[in-house]
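Each remark here refers to the structure printed beneath this line.
Residue numbering restarts at 1 for every chain, and letters A, B, ... go by the order of the sequence lines. Fair warning: this is a prediction, and the values are worked out from it, not measured in the lab. Side chains are part of it too, since the values below use all heavy atoms of this structure and drop only hydrogens, waters and symmetry mates.
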Amino acid sequence: GAGVSQTPSNKVTEKGKYVELRCDPISGHTALYWYRQSLGQGPEFLIYFQGTGAADDSGLPNDRFFAVRPEGSVSTLKIQRTERGDSAVYLCASSRGGSFTDTQYFGPGTRLTVL
Amino acid sequence: AQSVTQLDSHVSVSEGTPVLLRCNYSSSYSPSLFWYVQHPNKGLQLLLKYTSAATLVKGINGFEAEFKKSETSFHLTKPSAHMSDAAEYFCVVSDQGGRDDKIIFGKGTRLHILP
């Protein structure tokens with residue numbers, strides 16, 4: 001079956017602009033996770049959804065970052081007033097259950113470059 | 001609170017020789033431990049996971065890992081390396097049942113396979 005997909009695969013923007021990154025999870029997976037991976041580092045947890053609600057958003061670095069999952073399927077990560085330090089690969093994953101112990105299936109990521 | 005340390009940022013082995021990727025963790029509760037692999041331009045893929053059942057865990061592609069509570073280690077091994085094993089490997093820890101459940105990725109170990 002189809003895996004997790006993320007669009008766009010690459011996004012280049014200018015400092016101060018607004019961006020949206022989209023994630024399509026595996027059909028039927030109730031949990032969806034967002035991570036950020038900077039160069040040379042492991043993925044860093046940002047937020048996860050159980051259904052439509054954000055179950056844990058403690059990893060969001062500041063209030064410029066926001067994510068939604070209005071119908072419990074597709075999710076959008078939104079970044080306002082982008083900064084050069086936001087440049088990274090943004091990863092999305094989904095799992096059947098909502099526990100961190102469940103196997104997560106990752107998408108290929110969106111590479112964000114802020115000039 | 002939990003943390004994870006991957007002791008080597010790079011490991012080089014010859015094809016056909018054993019692989020050892022080291023990982024140490026700390027956890028306040030009962031940890032779940034994972035190893036993920038990331039091939040260039042591909043999404044993260046789960047190799048194996050430990051969730052308090054058998055301490056020796058077998059994964060895909062001939063990899064296995066042993067949970068050693070006394071040493072707080074979860075090293076990844078494979079008896080014989082193959083060229084296709086060249087990739088980045090991440091050790092991951094998550095607490096089960098803690099009030100402050102988090103998922104933490106290590107910084108990664110890049111495995112190089114020499115012909």
Interatomic spacing from OG in A:S95 to CG in B:L46 - rounded to 0.5 Å: 11.5 Å

Chi angles and distances behind the side-chain contact (heavy atoms from CB on, under 4.5 Å) call for B:L44, A:Q104: CA-CA 9 Å; B:L44 284 153; A:Q104 296 184 29; over 6 Å; no

Backbone of A:G40 reached by a side-chain donor or acceptor of B:K107 within 3.5 Å: no

Side chain proximity check, B:F90 to A:P43, heavy atoms < 4.5 angstrom: yes

Segment of B:Q38 engaging chain A (4.5 angstrom heavy-atom cut-off): side chain

Value rounded to 0.5 Å, distance of CD1 in B:I104 from CZ in A:F100: 9.0 Å

A:Q37, part contacting chain B, at a heavy-atom distance under 4.5 Å: side chain

Single-linkage hydrophobic cluster B:L33~B:L56, side-chain heavy atoms < 4.5 angstrom: no

B:Y36 reachable from A:W34 in the ILVMFWY side-chain graph, under 4.5 Å edges: no

A:R96, CZ atom: more than 12 neighbouring heavy atoms under 6.0 Å: no

Shared hydrophobic cluster, A:F106 / A:L77 (ILVMFWY, side-chain heavy atoms < 4.5 Å): no

same_hphob_cluster(A:V4, A:L46) at 4.5 Å side-chain heavy-atom cutoff: no

A:F66 reachable from A:F49 in the ILVMFWY side-chain graph, under 4.5 Å edges: no

Ring centre gap for A:Y35 and B:F105 strictly below 6.0 Å: yes

Over all atoms of both residues, closest heavy-atom pair of A:T103 and B:K49: OG1-NZ, 3.1 Å

